[in-house]
Amino acid sequence: MARAYTVGTVALALSIPKKWVDNVLSHYAVGGVVQRRQGVSRKVSLDGVVNLALAANLIQDLKIPTPNALRLAAMLTAAGGHHRTKAGIGIRLDLPRLRAALEARLADAVEITPIPKRGRPQGS
């Protein structure tokens, strides 16, 4: 995995609540997200950020359930931003443009998001 981002950085870059990102990653497998074990913070690659961004937009714009949005986001990213349903409904997005915009937003978010501290607070 090239560059990996924290949940807080991803949430800030996508302008969505950290709690939503954390809940989605806790309940669903998302491509581009490394989850090892409890106590180890999740790492989200650019592909994972793209999947989460697409899913969040599909949920917001089309009002589809989270599992369906995540599946469709994964299909769109795997197919280069194009998907056609069995009924002939087509979805097309400019995936390179989306990735570039997300990279810019992530670069800004990295600069202002604190690195989360792990372990027990001092003095406990």
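The figures here come from the full heavy-atom set of this structure, side chains too, leaving out hydrogens, waters and symmetry mates.
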Rounded to the nearest 0.5 Å, the CG atom of Asn57 sits from the CG atom of Leu98 at a distance of 8.0 Å
Point-to-point distance, once rounded to the nearest 0.5 Å, from CG of Leu25 to CG of Leu52: 5.5 Å
Roughly how far, to the nearest 0.5 Å, is the CG atom of Asn68 from the CG atom of Leu72? 8.5 Å
Please report the interatomic distance CZ(Arg84) to CD1(Ile91), rounded to the nearest 0.5 Å. 10.0 Å
Ignoring hydrogens, what is the shortest heavy-atom contact between Ala69 and Ile64? Give both atom names and the distance. CA-CD1, 3.7 Å
Should we say atom NZ of Lys63 is surrounded by more than 12 heavy atoms from elsewhere, each under 6.0 Å from it? yes
Shortest non-hydrogen separation from Arg42 to Ser26 and the atoms involved: NH2-OG, 2.8 Å
Only one of Asn51, Val7, Thr66, Val33 forms a side chain to side chain contact (heavy atoms under 4.5 Å, CB included) with Val24, so which one is it? Thr66
Any side-chain donor paired with an acceptor under 3.5 Å for Thr77 and Asp47? no
Looking at Ala55 and Leu70, what are the two nearest heavy atoms and their distance? CB-CD2, 3.6 Å
Minimum heavy-atom separation for Pro17 and Ala11, please, with both atom names. C-CB, 4.0 Å
Nearest 0.5 Å please: distance from the CD1 atom of Ile16 over to the CD1 atom of Ile59. 8.5 Å
Could you tell me which non-hydrogen atom of Leu95 sits nearest to which non-hydrogen atom of Leu76, and how far apart they are? CD2-O, 4.2 Å
Reported CG-to-CG distance for the pair Leu102 and Leu14, which is rounded to 0.5 angstrom: 6.0 Å
Minimum heavy-atom distance Leu106-Val10, with the two atoms named: CD2-CA, 4.5 Å
